[in-house]
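Here's the structure we're looking at; comments come further down.
Order of listing sets the numbers, starting from 1, for every ligand and every atom in it. FYI, side chains are in, hydrogens and waters are out, and symmetry mates aren't considered; it's all heavy atoms of this structure.
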Amino acid sequence: MLPTPSTSHASFDNIYEPAEDSYLLLDTLSSKAESTFLTQRFHPTGPSPLILEVGVGSGVVLAFAAANAKVIFGHSDVAVLGVDVNPFAAKTAVQTIAIALKDLKVKPITLGAVLADLTSSLRPGEVDVLIFNPPYVPTEPLSATSSIPSEAMLDSHATFERDSKLLELSYAGGVNGMETTNRLLEQLPDVLSERGVAYVLLCAQNKPEDVKASIRQWPGSWKAETVGSSGKTASWEKLCVLRIWRDVVP
Ligand SMILES: C[S@@+](CC[C@H](N)C(=O)[O-])C[C@H]1O[C@@H](n2cnc3c(N)ncnc32)[C@H](O)[C@@H]1O
């Protein structure tokens, strides 16, 4: 079993603490089936893939992917980038990745962590592997601005309210828990490279079978399969990881 990166330096007052969903992503990415798929797709003699984690949080998933890139992707020299709307998460993720890589002889290229909404800071067709453990819990509908913290809120001296709001951003998914995930899914055909693959975590209430059926209708040979699952059977807490990709390799 590959080691889980340390997050002992992180404050979980305002950053999502790694939980069952985070660990399901680690298990899925390092499974024999996924490392075989990814190694074939990003052949060791081909260009190194760019790995993006949207909603990087503490950085535990991206640090794991970076530290074990040779096993998972067949490349030690991947480039890794995180994105989050939470500035405390972006800062902590950079530290988590640095700690996880410190003893590696061949290090991935670390591009840091950007403060942005989903993939808005990326150029089209750039991302080879996109990972997203979204805010997936069904809640009241999200307001137009609620998924991005305002500067006034971040600068607020009301630390407790600021931290509560930042934690809420890590779980509140709006209608069916899918509002933020649906926005991300819409961006995939643009942001993924031709050989790009996305791993998106869902819970049972997000209706993963409907999500897969809808992706398979996108123009351009899109595929969606469940490649990891955990949790109590038939409970809304049951989690799964979808792999989403184009069935065309250049
Ligand atoms: C469930 S947490 C996952 C954290 C971490 N990836 C993990 O697996 O432990 C969701 C993360 O998404 C971030 N997030 C929420 N909405 C976002 C958005 N619109 N754009 C980027 N990140 C977002 C939250 O701040 C939070 O860090």
Side-chain angles (χ1 to χ4, degrees), residues 4-30 51-66 80-97 100 112-122 127 129-139 141-150 153-154 162-175 177-188 191 198-203 205-206 228 230-231 237 239-242:
T4 302
S6 169
T7 52
S8 59
H9 53 285
S11 157
F12 297 116
D13 291 343
N14 49 27
I15 300 173
Y16 187 76
E17 184 166 4
E20 186 184 356
D21 44 10
S22 325
Y23 301 127
L24 176 59
L25 275 168
L26 304 194
D27 290 345
T28 302
L29 288 170
S30 58
I51 320 296
L52 171 74
E53 187 182 5
V54 176
V56 69
S58 65
V60 69
V61 178
L62 192 58
F64 179 84
V80 296
L81 173 67
V83 168
D84 210 292
V85 285
N86 176 344
F88 300 97
K91 197 169 160 203
T92 300
V94 170
Q95 294 170 332
T96 306
I97 294 166
V114 178
L115 198 56
D117 177 39
L118 301 178
T119 67
S120 58
S121 59
L122 275 290
V127 177
V129 180
L130 185 149
I131 304 165
F132 192 29
N133 176 8
Y136 57 78
V137 177
T139 58
L142 304 178
S143 69
T145 54
S146 64
S147 61
I148 301 152
S150 67
M153 191 268 276
L154 289 172
R162 179 199 66 194
D163 289 353
S164 309
K165 176 69 186 158
L166 289 171
L167 287 179
E168 190 182 321
L169 287 176
S170 68
Y171 70 83
V175 177
M178 281 298 289
E179 288 191 41
T180 304
T181 304
N182 279 335
R183 287 201 300 120
L184 184 279
L185 292 176
E186 279 170 23
Q187 298 173 2
L188 288 184
V191 77
Y199 290 90
V200 178
L201 186 134
L202 300 177
C203 73
Q205 281 196 333
N206 302 151
S230 77
E237 290 173 61
L239 304 173
C240 67
V241 177
L242 302 192

Only heavy atoms of [X], strictly under 4.0 Å: list the atoms of ligand 1 that pass.
{"X": "Pro134", "answer": "1 (C)"}
{"X": "Val56", "answer": "5 (C), 6 (N)"}
{"X": "Asp117", "answer": "18 (C), 19 (N), 20 (N)"}
{"X": "Gly57", "answer": "4 (C), 27 (O)"}

Ligand 1 N/O within reach of [X] N/O, cut-off under 3.5 Å:
{"X": "Ser22", "result": "yes"}
{"X": "Leu118", "result": "yes"}
{"X": "Asn133", "result": "yes"}

Out of [options], indicate the one that has the non-hydrogen atom closest to [atom].
{"atom": "atom 17 (C) of ligand 1", "options": "Val137, Thr181, Val85, Ile131", "result": "Val85"}
{"atom": "atom 25 (O) of ligand 1", "options": "Val61, Asn86, Asp84", "result": "Asp84"}
{"atom": "atom 6 (N) of ligand 1", "options": "Glu53, Arg183, Glu179", "result": "Glu53"}

Donor-acceptor pair, side chain of [X] and main chain of [Y], under 3.5 angstrom:
{"X": "Thr96", "Y": "Ser58", "result": "yes"}
{"X": "Glu17", "Y": "Phe12", "result": "no"}
{"X": "Asp84", "Y": "Ala90", "result": "no"}
{"X": "Thr92", "Y": "Ala89", "result": "no"}
{"X": "Asn206", "Y": "Tyr136", "result": "yes"}

Return yes when Ala89 approaches ligand 1 closer than 4.0 angstrom through a heavy atom, no otherwise. no
Would you say Ala116 contacts ligand 1, with heavy atoms under 4.0 Å as the rule? yes
Donor + acceptor pair across side chains of Asn86, Tyr16 (<3.5 Å):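 No.
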Between Ser58 and ligand 1, which part of the residue brings a heavy atom under 4.0 Å of the ligand: side chain, backbone, both or neither?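 Near ligand 1, Ser58 shows nothing, with every heavy atom at 4.0 Å or more.
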If you look at every heavy atom in Pro141 and Val175, which pair is closest and at what distance? CG-CG2, 3.9 Å
Return the CG to CG distance between Leu201 and Asp21, rounded to the nearest 0.5 Å. 5.5 Å
Kindly indicate whether the side chain of Thr180, heavy atoms from C-beta on, has any atom under 4.5 Å from the side chain of Phe132. yes
